[in-house]
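One structure is given here, and the rest of the page talks about it.
So you know, we letter chains A, B, ... as the sequences are listed, proteins then strands, and number each from 1.
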There are 2 protein chains.
Amino acid sequence: MTSGEPTHLPTLEEVARVAGVSRATVSRAINGGSRVSPQAQAAVDRAVAQLGYTPNRAARSLVTRRTDSVALLVPETGARFVSDPFLTGVLQGVTTALAGTELQLVLLVAQHAGDTARQLRYLRSGHVDGALVTSHHGNDELALEMSRLGLPFVFGGRPFDPDSVAVPYVDADNVNGGRLAAEHLIGTGRRRLATVAGPADMSAAVDRLDGWRRALEEAGLHADAVEHGDFTIDGGTAAMERLLRHHPDVDGVFVASDPMASAALQVLRNFGRRVPDDVAVVGFDDTMLATTTTPPLTTVRQPAEEHGERMVEMLLEQLAGSPPRLGGEILPVELIVRESA
Amino acid sequence: MTSGEPTHLPTLEEVARVAGVSRATVSRAINGGSRVSPQAQAAVDRAVAQLGYTPNRAARSLVTRRTDSVALLVPETGARFVSDPFLTGVLQGVTTALAGTELQLVLLVAQHAGDTARQLRYLRSGHVDGALVTSHHGNDELALEMSRLGLPFVFGGRPFDPDSVAVPYVDADNVNGGRLAAEHLIGTGRRRLATVAGPADMSAAVDRLDGWRRALEEAGLHADAVEHGDFTIDGGTAAMERLLRHHPDVDGVFVASDPMASAALQVLRNFGRRVPDDVAVVGFDDTMLATTTTPPLTTVRQPAEEHGERMVEMLLEQLAGSPPRLGGEILPVELIVRESA
DNA sequence: CTCGATCGTGAGAGCGCTCTCACACCCACG
DNA sequence: CGTGGGTGTGAGAGCGCTCTCACGATCGAG
């Protein structure tokens, strides 16, 4: 059944022999076929079909110095990546956008915290033509390293200091998202507002908090009820519990990710608060989770798939030779009103 | 890591020159280093570190005929893959298990239904050393094709007819899962039982239904209340609505995946049924979703990560030269009791 | 000592492909 | 009829690596 003997793969040489032309002509015929006579082209096509020929990528890559593959670099450990519905949405957009190309996706997931050195070494060694970088924490060290690499790349999410660290990136309009959440809660009469923000070392979290704060201040409300979570369910549970302890009179909460928001709903229920009657909750993401909670989440929708697709498009531009456009493309967000607020 | 020049990558040749030995010796020193004197080894190590040398994979692959990468073949379209928490759990296990090796993961997601021809062509062309195949539908065509390829591979989920189609695979004990769900519902006094099963063309769905039916029959209960869904939320909603229409007196439901079970909870609520008071619900998977629903799901836990890890281990055995063990490894499942049943 | 075995080493032949270059051929133009 | 400029083609030189093979040095056994 599974033969131990790996089948012999046909080479360019053999195609050339069968087609009755030279290797060079076959190569031309296969790659876009400029300067190839119709007869030669037809003969090659026939031979290729007959032999079931596919070019050997390694050999081609050796001379062209291209690999026809790009990396998706995930500085998180696998667990975190895969349990975040937003990130999997981005992954979906990436695979969709790549489907129309010849490029393969190599998944480069961090093995443990602080594993970026290994990942960078891989990128530096010419194994891929470009890289997509998702979900980056902390300072802009990674962005700086990537810039030094001289490899085309695109970030998902802006760097912390986009003025001094100029990299191409795609981001959601997180500031406006925070503002939309605030305005909705204020507009529906809530006055004791609080937020479960994301990690203070992620720009997405900072921006959402920023928009939130500004909207509250403009409305003359206090914006000091803030607890941070790490965007996960467990982190959301802990943060929401702290929030209720410190601010028991809260009547409206903006929770900066859907996983954390679903956790917040559980905590509120455990504390005997009704949602939305006693406390209104607004989430962020609008992933699958938002529709499965009770009550369904009112949440700020960010377009995860489109996020991934745009990242690929910006990378393709660079691979086609355009200089990287330093700076970001900001995708719009939108408030989706369901029942939790 | 100093200049931003179009970096010239150091070659074996240069390492050899710096170390004062021949290319052959450097090659030996880098690959396991048998038959290399300690002095030579040390000189090479020093040169490698100094130059920041990394072997060119394409060149190596060209001669060794190995690529040091494996494919994760997803016959589903991206959307489906990424929105299934079980599959993302498997992906996590795969990346974890691969982390300890030199192997890279190439994601091969179907571009559209019936795209397997393209995927098979890719596999056949020697671009990867092996393949992991997840979530396969329908007949055993793909399993047969894979067998013919002569490429090491492992399936996630058994083939439909494991006796005539002998392939290596990892699977959960789905039959027992269906049984556990049934026994729990019966044991808590439910008598009007129904199930939302998975697609009839997936072995996992068939097995869960099988175990369920057998347990019901052994208890002398009717096992004819069955609706099929496609494992997604939307599919679960539609199936649960049909179920309630055809069997309005149901008091216990086994829903064959967590996404479908979360949908079932919504439908039941919309129909004014209380869970678990009026209707008890048991899900399958025990993914993140199971804890975010109201009430939290009682569900059959299948070890998604372990599933992925075992697949990798079985593939590694083959890559190391062992003949593929035709037949399956069945992972145990476990009932997790929460509040929905 | 002599002899064969063992060890560390380097020379060199490719792996399958692309790409430059030279060349033969054809056509229009003066 | 030359001449110049296309156009299609093939020969051949590598890309960076591994691996076989031959060779001198070393060593223990006889």
Okay, side chain of [X], backbone of [Y]: is any donor-acceptor separation there less than 3.5 Å?
| X | Y | answer |
| --- | --- | --- |
| A:Arg46 | A:Val48 | no |
| A:Thr96 | A:Gln92 | yes |
| B:Glu329 | B:Asp171 | no |

Across the strands shown, which category fits B:Ala58 at heavy-atom distances under 4.0 angstrom: base, sugar-phosphate, nothing?
nothing
Just checking A:Arg65: base, sugar-phosphate only, or nothing, at a heavy-atom cut-off of under 4.0 Å?
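Sugar-phosphate contact only - A:Arg65 comes under 4.0 Å of backbone atoms but never of a base.
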Name the closest nucleotide to the [X] side chain, picking from [options].
| X | options | value |
| --- | --- | --- |
| B:Arg28 | D:dG16, C:dG10, D:dT18 | C:dG10 |
| A:Ala24 | C:dT18, D:dG10, D:dC17 | D:dG10 |
| B:Val36 | C:dT9, C:dC17, D:dC17 | C:dT9 |

Nearest-Å distance for atom pair [atom1]/[atom2], residues [X] and [N]:
| X | N | atom1 | atom2 | value |
| --- | --- | --- | --- | --- |
| A:Glu14 | C:dC17 | CD | P | 9 Å |
| B:Asn56 | D:dG16 | CG | C1' | 6 Å |
| A:Asn31 | C:dC17 | CG | P | 10 Å |
| B:Arg66 | D:dC19 | CZ | P | 8 Å |
| B:Arg57 | C:dC15 | CZ | C1' | 18 Å |
| A:Arg35 | C:dA24 | CZ | C1' | 15 Å |
| B:Leu62 | D:dT18 | CG | C1' | 10 Å |
| B:Gln41 | C:dC7 | CD | C1' | 15 Å |

Side-chain N or O of [X] versus OP1/OP2 of [N]: is the shortest distance under 4.0 Å?
| X | N | result |
| --- | --- | --- |
| B:Thr25 | C:dG8 | no |
| A:Ser37 | D:dT9 | yes |
| B:Ser22 | C:dG10 | yes |
| B:Thr64 | D:dT18 | no |

For residues A:Asn56 and B:Arg65, is any side-chain donor paired with an opposing acceptor at under 3.5 Å?
no
With respect to A:Val70, which candidate in A:Thr101, A:Leu316, A:Leu98, A:Val106 satisfies the side-chain contact (heavy atoms from CB on, under 4.5 Å) definition?
A:Leu98
For B:Gly20 and B:Arg23, take the nucleotide of DNA chain C holding the closest heavy atom to each; which residue's nucleotide lies nearer the 5' end?
B:Gly20
